[in-house]
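Hydrogens, waters and symmetry mates play no part in the numbers below; they use all other heavy atoms, side chains included. For ligands, and for the atoms within them, numbers begin at 1 and follow the listed sequence.
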Amino acid sequence: MRQVHNATALAVAFFFSAAAGAADPNLCAACHGDGGNSTNPAVPSLAQQPAQFISTSLFMFREGNRKDDQMTPMAKPLKNPEMNELAAYFSQQKASAPAHKSKPESVEAGAALAKKYNCSQCHGPKMLGQQHIPRIAGQHYEYLRAQLKAFKAQTRADIDGNMTSAIQAVPPADLETLADYLAGLAPN
Ligand code: HEC
Ligand code: HEC
């Protein structure tokens with residue numbers, strides 16, 4: 001019994017010290033929304049992203065491999081354990097249903113393209129991501145579209161180069177269809 005109480009006290013102390021520091025998820029809500037469900041189409045939702053993807057992304061922003069005027073300064077002060085805490089927190093939040101409705105013609109065409117270009121091999125059959133690979137189902141349309149173009153133009157860095165090479169074979173028109181398809185998929 002005493003041990004349980006001690007563990008709870010420790011957890012509480014840890015929570016409050018974490019909440020006061022750079023790892024406070026409330027600092028992220030201004031842009032990424034409550035519980036990581038972003039309402040800004042240019043800002044990605046973090047809810048239900050694989051924890052490993054969130055921490056590697058934060059690491060890349062901090063180290064300057066991935067750059068963004070808004071996000072880079074947020075990642076700069078974070079220490080590795082804080083990144084892991086934030087990653088654990090957001091991976092456990094439930095993603096909201098997407099606001100985006102895919103065009104009817106993109107639904108079938110998008111599914112076929114995702115097979116053709118092996119998107120589902122890495123991102124998973126339902127595009128929910130795994131390990132260092134993000135969930136792209138139900139992510140914001142505008143954000144997905146911008147990122148796909150950036151990978152193709154090689155202006156967005158990725159952890160192992162796999163995403164950049166995967167997108168090179170995909171023509172611009174198919175990127176549009178894929179973004180429209182993915183943004184309308186259920187995120188869980
Ligand atoms: C001032 C706005 C702002 C704040 C505050 C902010 N972010 Fe971001 N974040 C962004 C933007 C914009 C992007 C997309 C950058 C891009 O286009 O590559 C982003 C991207 C990310 C990504 C990459 C997600 C993906 O799907 O690729 C992660 C992870 C992330 N932010 C985590 C956080 C965490 C954790 C916090 C709080 C400590 C935070 N952000 C605070 C604006 C913000
Ligand atoms: C060989 C594995 C692989 C394949 C194939 C692949 N991806 Fe990815 N994808 C990744 C990885 C890994 C990342 C994370 C990159 C990073 O930021 O480090 C990623 C990131 C992304 C992102 C960025 C999401 C975000 O939240 O920032 C989008 C969008 C995406 N992939 C879409 C696609 C589409 C569409 C296809 C098919 C045309 C595809 N991917 C094929 C591995 C893959």
Side-chain angles (χ1 to χ4, degrees), residues 18-19 21-33 35-36 38 40-63 65-79 82-91 93 95 110-124 127-152 155-172 174-183 185 187:
D24 182 356
N26 291 320
L27 292 175
C28 320
C31 298
H32 291 281
S38 156
N40 179 340
V43 180
S45 283
L46 304 176
Q48 258 179 298
Q49 279 293 359
Q52 199 187 326
F53 168 70
I54 299 177
S55 39
T56 51
S57 302
L58 289 171
F59 186 82
M60 285 195 292
F61 280 117
R62 187 186 69 192
E63 302 304 314
N65 309 89
R66 193 175 162 186
K67 293 186 180 73
D68 180 78
D69 290 346
Q70 290 180 287
M71 188 52 215
T72 300
M74 295 304 301
K76 283 285 175 209
L78 297 175
K79 299 189 172 61
E82 292 170 327
M83 291 182 178
N84 292 335
E85 258 173 61
L86 288 162
Y89 171 81
F90 285 113
S91 68
Q93 305 307 304
L113 291 172
K115 262 206 191 110
K116 177 178 175 188
Y117 295 116
N118 300 319
C119 315
S120 35
Q121 259 182 31
C122 290
H123 290 274
M127 305 293 179
L128 299 177
Q130 50 177 331
Q131 298 173 329
H132 66 294
I133 307 178
R135 163 177 76 78
I136 48 179
Q139 185 57 275
H140 284 298
Y141 169 70
E142 193 179 299
Y143 176 75
L144 287 173
R145 201 168 164 265
Q147 297 302 314
L148 290 173
K149 288 183 173 178
F151 282 123
K152 189 151 169 90
T155 53
R156 169 162 168 191
D158 60 323
I159 192 81
D160 52 10
N162 280 339
M163 184 56 215
T164 299
S165 52
I167 211 72
Q168 297 312 311
V170 186
D174 288 351
L175 292 187
E176 303 286 340
T177 307
L178 280 164
D180 184 30
Y181 163 68
L182 293 166
L185 290 178

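Only the side chain of L148 comes within 4.0 Å of ligand 2, judged by heavy-atom distances. Of all the heavy atoms of Q121, none lies under 4.0 Å from any atom of ligand 2, so neither backbone nor side chain is involved.
The closest approach between a heavy atom of K67 and any atom of ligand 1 is not below 4.0 Å. Contact annotation: R135 has no heavy atom less than 4.0 Å from any atom of ligand 2. Under the 4.0 angstrom criterion for non-hydrogen atoms, I136 is in contact with ligand 2. Distances shorter than 4.0 angstrom occur between a heavy atom of R66 and an atom of ligand 1. Not a single heavy atom of S57 sits closer than 4.0 Å to an atom of ligand 2.
Of all heavy-atom pairs spanning E142 and P41, the tightest one is CB-O, 3.5 Å.
Remark: ligand 1 atoms within the under-4.0 Å shell around heavy atoms of C31 are 1 (C), 2 (C), 3 (C), 4 (C), 5 (C), 42 (C), 43 (C). For ligand 1, the atoms closer than 4.0 angstrom to any heavy atom of L27 are 5 (C). Numbered from 1 in the order shown, with element, the atoms of ligand 2 that lie under 4.0 Å from a heavy atom of C122 read 1 (C), 2 (C), 3 (C), 4 (C), 5 (C), 42 (C), 43 (C). Every atom of ligand 2 is numbered from 1 in the order shown, and the set under 4.0 Å from a heavy atom of R156 is 16 (C), 17 (O), 23 (C), 25 (C), 27 (O). Taking every heavy atom of F53 and a limit of under 4.0 angstrom, the matching atoms of ligand 1 come to 25 (C), 26 (O), 27 (O). Near A166, meaning under 4.0 Å from one of its heavy atoms, ligand 2 places the atoms 4 (C), 5 (C), 6 (C), 41 (C). Close approach to L144 involves these atoms of ligand 2, each under 4.0 Å from a residue heavy atom: 29 (C). Atoms of ligand 1 lying under 4.0 Å from any heavy atom of D68, numbered from 1 in the order shown and given with element: 11 (C), 12 (C), 15 (C), 16 (C), 17 (O). The distance from ligand 2 to the heavy atoms of M60 drops below 4.0 Å at these ligand atoms: 16 (C), 17 (O), 18 (O).
When distances to atom 8 (Fe) of ligand 2 are checked against a cut-off of 2.8 Å, N162 contributes no N, O or S atom below that limit. Taking 2.8 Å as the criterion, C119 does not count as a coordinating residue of atom 8 (Fe) of ligand 2, since none of its N, O or S atoms falls below it. For atom 8 (Fe) of ligand 1, the N/O/S atoms of M71 include one lying under 2.8 Å.
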Inset, instruction - Could you please spell out the steps behind the side chain to side chain contact (heavy atoms under 4.5 Å, CB included) verdict for C28 and L86? - result: CA-CA 9 Å; C28 320; L86 288 162; 4.2 Å; yes
Legend entry - Residue pair Y141, E176: steps toward the side chain to side chain contact (heavy atoms under 4.5 Å, CB included) verdict: CA-CA 9 Å; Y141 169 70; E176 303 286 340; 3.8 Å; yes
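Considering both main-chain and side-chain atoms, I159 comes within under 3.5 Å of ligand 2 through a nitrogen or oxygen pair. Remark: ligand 1 and H32 share an N or O pair separated by less than 3.5 Å (distance only, no angle test). Here's the thing with D158: none of its N/O atoms is less than 3.5 angstrom from an N/O atom of ligand 2. An N or O contact shorter than 3.5 Å is missing between D24 and ligand 1 by distance. Looking at ligand 2, you'll find an N or O of Y143 within less than 3.5 Å of one of its N or O atoms.
Crowding of K76 atom NZ: a count of heavy atoms from other residues, nucleotides or ligands under 6.0 Å exceeding 12.
A donor-acceptor pair under 3.5 Å is absent between the side-chain atoms of Q130 and the main chain of P50, judged by distance alone. Between the side chain of H123 and the backbone N or O of I133, no donor-acceptor pair lies under 3.5 Å.
Here CD1 of I136 is found 9.0 Å from OH of Y181. Values are rounded to the nearest 0.5 Å. Between the CE atom in M60 and the CG atom in D68 there is a gap of 12.5 Å [rounded to 0.5 Å]. Going from atom CD1 of I54 over to atom CD of Q48 covers 10.5 Å, rounded to the nearest 0.5 Å.
Considering P44, A146, P77 only, the shortest heavy-atom separation from atom 24 (C) of ligand 1 involves P44. Taking all heavy atoms of M163, Q147, Q168, H132 into account, the minimum distance to atom 12 (C) of ligand 2 is reached by H132. If you check each of N118, L175, I54 against atom 5 (C) of ligand 2, the one with the closest non-hydrogen atom is N118.
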